[in-house]
Amino acid sequence: MSTVRTIFLTIAAALAALALAGGEARAQQRLSVGGEAAGSLRNGDQQLDSGEYVDVWTFQGRAGQQVTINMSSTQIDAYLMLRGPGGLSEWNDDRATGEANARITVRLPADGLYRISATSYEPGESGEYLISLVEGAGPASGREGGGDIQLGQTGAGRLALGDDRLDAGEFVDRWTFRGQPGQTYEVRLNSGAFDSYLLVRGTDLEADNDDEPGRGSVDSRLEFVMPADGEVRIYATSYQADETGEYALTLSRPGEDVGPAPVLTASASIAPGDSLSGSLGDGDATLRSGEYMRAYTLAGRAGDRLDVRMRSSGFDPYVFLTGPGEFSAANDDDESGEDGTNSRLIVTLPADGEYQLVATSFEPGETGDFILAVDRAGEEAAPTGASTTLAAFEDGVVRQGSLSLGDDTLDDGQFVDMYQFTGRRGTRIALTAESAAFDTNLFLLGPGDVSENNDDGPDGTNSRIDFVLPQDGTYDVAVSSYDGGETGPYRLTAGLSLGTPRQAGVPGGPRIFAVMVGISDYQGYSSNLPYTDEDAIKLAEDLRRDGLLNPASVVLTDADATVAGVKAAFAQVAAQAGPEDIFLFFYSGHGAQNRGVVSPFEPDGMTETIVMVDGQISDAEMGEMFASVDARLAMIVMDSCFSGGFARNVVTRPGIMGMFSSEEDLTSQVAGKFQAGGYLSHFLRTGLGGEANADGDDMITAGELTQYLRRRYAVDVADVRTQTIDGQRSYQNLVVERGGVQVDDVVVRVARG
């Protein structure tokens, strides 16, 4: 571990510390998940020590839940801070580069009460703001609130609470277009949800439009001449303040017949209550911009309020609806945040007549299967036909069924039966469809962008889906056949799953037998380090609190961390770890390199060591120590300079996994911003504490832990400078060596919230 410490804290970290010093806000307000609220920072509010006004909002969260908090304002530069159980501490200034709005997306580490501090970037700023809290990652910032638009394109958007506002209170999205100077262009803004209003601004250009003349509609249209600099800003907004809803923005040359999609011969008709499956691919018609598409006719009546959904696991869905009187509406991603990249369009039809519903993709050339469903708004649509509810799902359900003539069918002619159950996020479920009469095909559809399919499970023509539910909600199960027209009896088995056979046999509880070593005070043998002793102490405390640490474990810090003491503790603890247990050796402190002999284990001729208070333990010695471990999983975690050099000596047989804070020829830095001796030490604690449990089940797998550590390094350590022993400069990188440990192998079972 290098003695170099970062002395300049980021502004975010400084403000976080000040927020804690400032104490509680005068009043705490509740904000529910899925809720939105308006607030105001003003004279008389509680202040941070550095002078910023602050409001505190609270919400109840659960372990493993992913939430997104947005704070927007046209009057202040928004700043968000989040504190909560498990030591959670997050902050954000700008939602995206160049923005003054703020956003935090985080996976909650534990059940409990969380505090959101809504404040400003500069002291004394005052003004109104909007704050929202949604489950999931929220809309991607690159496509939120407008974006770039090209000639001949139609962009879909939504005015919503949390958007920027005009001075009079109307929500607004900003679109940018770069065209040919002197050329005339036409822009249209259509919405079935609000009275649209268009503004176009550029160099020496100012054009507005409320209602398209001569049509008596609430849609907007205007023409403009591109200014000399060739760029304009198009503002999509509403006539009245606070109006919200979906819209479609189309850019063309005057007189061109440009709509969301060319008029096609429809592949089928669709009506409220229907659900159709299809696919996009070679041979399908395309939009002008290159996306494959399928068109459907829909007979509508004025005032009908429709809920259109399009789901796919193969591509990012996009839907258009066009109809009488140049009506047009479109949607890219479900704005509720419940359905990921899947598309959902809720619209009120303006007139009686025939409408055209177009199923396409967000990017040109995307292909894959999809399900398109239409229902009346407020009624939940099933993917196809009627569904049978699987009651008492968690206790296990067996249903005998039969595919037969008269059943609903998929596009390719397969008969299909539908079932439905209610599930909770993080629940691992198993579905099996078995038949001696036909080759089964099984589908699972639901919230959180779920679209799973299995044709042949482990038993050949039978089907099996083993899956962790990503969200609370209603899920649909479809039993079908591989080929069209097949009929016959089948059996559907559904219920909870313990995972694969490898996962099901892994017990939970205090199974980690650990030797945790951290040295800050080197007693004069080497230079002292900050926080490294606390790394070992905090890791033990966290594992013990979470019910994972076996009482046989040992913590050695400072004067107790002698060469003999560490080796004795290693032998003592490792001898007690059995074939169902985990053995962990953790070290945070100095690492060193000594000149050795070039060999397959040391291709650079350098021997890596970890530094105790009275001597050193080499990578070769550590390899010999791990050879005696007989556990289900043995892990070595080393947060020290040159630690990556231990991988070749230790990870030499199945069942051993190594995590190292830096490559074998580079130093490792102190993580002062986290008050930790090293970045790996801090992220190991937060990961095993629940943040690495990406799918929300009760297992953290080797793949999940590895991915979590790499993502945290990419965010927080990418620009951390290090050097070789002879002064060559580089950057700190994580080293993970899984050896024979598979990505789905369970590291630990964590307690449910």
Side-chain angles (χ1 to χ4, degrees), residues 1-4 514-533 535-536 554-574 583-629 634-652 656 658-670 677-678 680-681 722-727 732 735 737:
M1 181 76 69
S2 170
T3 57
V4 177
V515 177
M516 294 157 284
V517 182
I519 310 175
S520 287
D521 183 359
Y522 272 89
Q523 316 289 305
Y525 183 80
S526 186
S527 58
N528 292 340
L529 288 170
Y531 308 124
T532 42
D533 55 348
D535 288 344
V554 173
V555 177
L556 296 174
T557 61
D558 298 336
D560 294 329
T562 63
V563 171
V566 170
K567 288 185 176 181
F570 189 108
Q572 172 190 336
V573 177
F583 176 78
L584 167 64
F585 179 78
F586 170 85
Y587 173 75
S588 180
H590 276 306
Q593 277 190 322
N594 301 314
R595 183 66 61 187
V597 178
V598 174
S599 71
F601 286 107
E602 304 293 356
D604 59 355
M606 302 293 288
T607 296
E608 286 74 41
T609 69
I610 50 175
V611 183
M612 303 297 108
V613 294
D614 63 347
Q616 302 179 34
I617 299 175
S618 71
D619 48 9
E621 291 176 293
M622 187 62 67
E624 294 171 358
M625 293 160 66
F626 265 86
S628 66
V629 178
M635 293 195 300
I636 179 171
V637 179
M638 304 188 70
D639 204 334
S640 58
C641 296
F642 317 115
S643 55
F646 279 74
R648 278 189 295 270
N649 298 84
V650 176
V651 187
T652 57
I656 301 178
M659 288 159 276
F660 310 97
S661 64
S662 62
E663 296 165 284
E664 67 177 300
D665 60 342
L666 291 172
T667 57
S668 185
Q669 301 294 330
V670 170
L680 178 57
S681 299
T722 60
Q723 62 185 31
T724 64
I725 201 168
D726 58 0
Q732 186 170 341
V735 176
E737 179 55 66

>> Would you say Q732 and S668 are linked by a side-chain donor-acceptor pair, where the criterion is simply a distance under 3.5 Å?
In response: yes

> Looking only at heavy atoms, which two atoms of A569 and L556 are closest? And how far apart?
Replying inline: CB-CD1, 3.9 Å

>> Would you compute the distance between atom CZ of F646 and atom CE of M659 and round it to the nearest 0.5 angstrom?
In response: 15.0 Å

>> Please give me the minimum heavy-atom distance between S681 and F586, naming the atom from each residue.
In response: OG-CZ, 3.4 Å

>> Among residues at least two apart in sequence or on other chains, which ones pass salt bridge (charged side-chain N to carboxylate O under 4.0 Å, His left out) with E621?
In response: K567

> Roughly how far apart are Q593 CD and F642 CZ, rounded to 0.5 Å?
Replying inline: 4.5 Å

> Are any side-chain N or O atoms of T667 and backbone N or O atoms of T722, one a donor and one an acceptor, separated by less than 3.5 Å?
Replying inline: no

Compile the donor-acceptor pairs under 3.5 Å between side chains in residues 514-522 and protein atoms, sequence neighbours left out, one pair per line.
| unit_1 | atom_1 | unit_2 | atom_2 | d |
| --- | --- | --- | --- | --- |
| S520 | OG | L529 | O | 3.0 |
| S520 | OG | T532 | N | 3.2 |
| S520 | OG | T532 | OG1 | 2.9 |
| S520 | OG | D533 | N | 3.0 |
| S520 | OG | D533 | OD1 | 2.8 |
| D521 | OD1 | Q523 | N | 3.0 |
| D521 | OD2 | Q523 | NE2 | 3.2 |
| Y522 | OH | Y587 | OH | 3.0 |
| Y522 | OH | H590 | N | 2.8 |
| Y522 | OH | V611 | O | 3.1 |

>> Let me confirm one number: the OG-CD distance from S618 to E624, rounded to the nearest 0.5 Å.
In response: 7.5 Å

> Taking side chain as C-beta onward, heavy atoms only, is D619 less than 4.5 Å from T607?
Replying inline: yes

>> Checking side-chain polar atoms at under 3.5 Å, does S588 have a donor or acceptor matched by the opposite partner on D639?
In response: no

> Tell me, do V650 and M625 make a side-chain contact under 4.5 Å, heavy atoms counted?
Replying inline: no

> Measuring from L666:CG to S643:OG, what's the distance to the nearest 0.5 Å?
Replying inline: 10.0 Å

>> Applying the side chain to side chain donor-acceptor pair (under 3.5 Å) criterion to R648, which one of E608, E664, E737 satisfies it?
In response: E664

>> For S640 versus I610, what's the shortest heavy-atom pair and its separation?
In response: OG-CG2, 4.0 Å

>> Among residues at least two apart in sequence or on other chains, which ones pass side-chain hydrogen bond (donor to acceptor under 3.5 Å, both in side chains) with Q616?
In response: N594, T609

> Would a 4.5 Å heavy-atom cut-off, applied to side chains only, mark I617 and V563 as touching?
Replying inline: yes

> What pair of heavy atoms forms the shortest contact from V613 to D558, and how long is it?
Replying inline: CG1-O, 3.1 Å

> Between F585 and F570, how do the two ring planes meet: parallel, tilted or perpendicular, split at 30° and 60°?
Replying inline: tilted

> Closest approach of V670 and P530, non-hydrogen atoms and distance?
Replying inline: CG1-CG, 3.9 Å

>> Let me confirm one number: the CZ-CD1 distance from F626 to I636, rounded to the nearest 0.5 Å.
In response: 4.5 Å

>> Measuring from atom CG of D614 to atom OH of Y525, what distance do you get when rounded to the nearest 0.5 angstrom?
In response: 7.5 Å

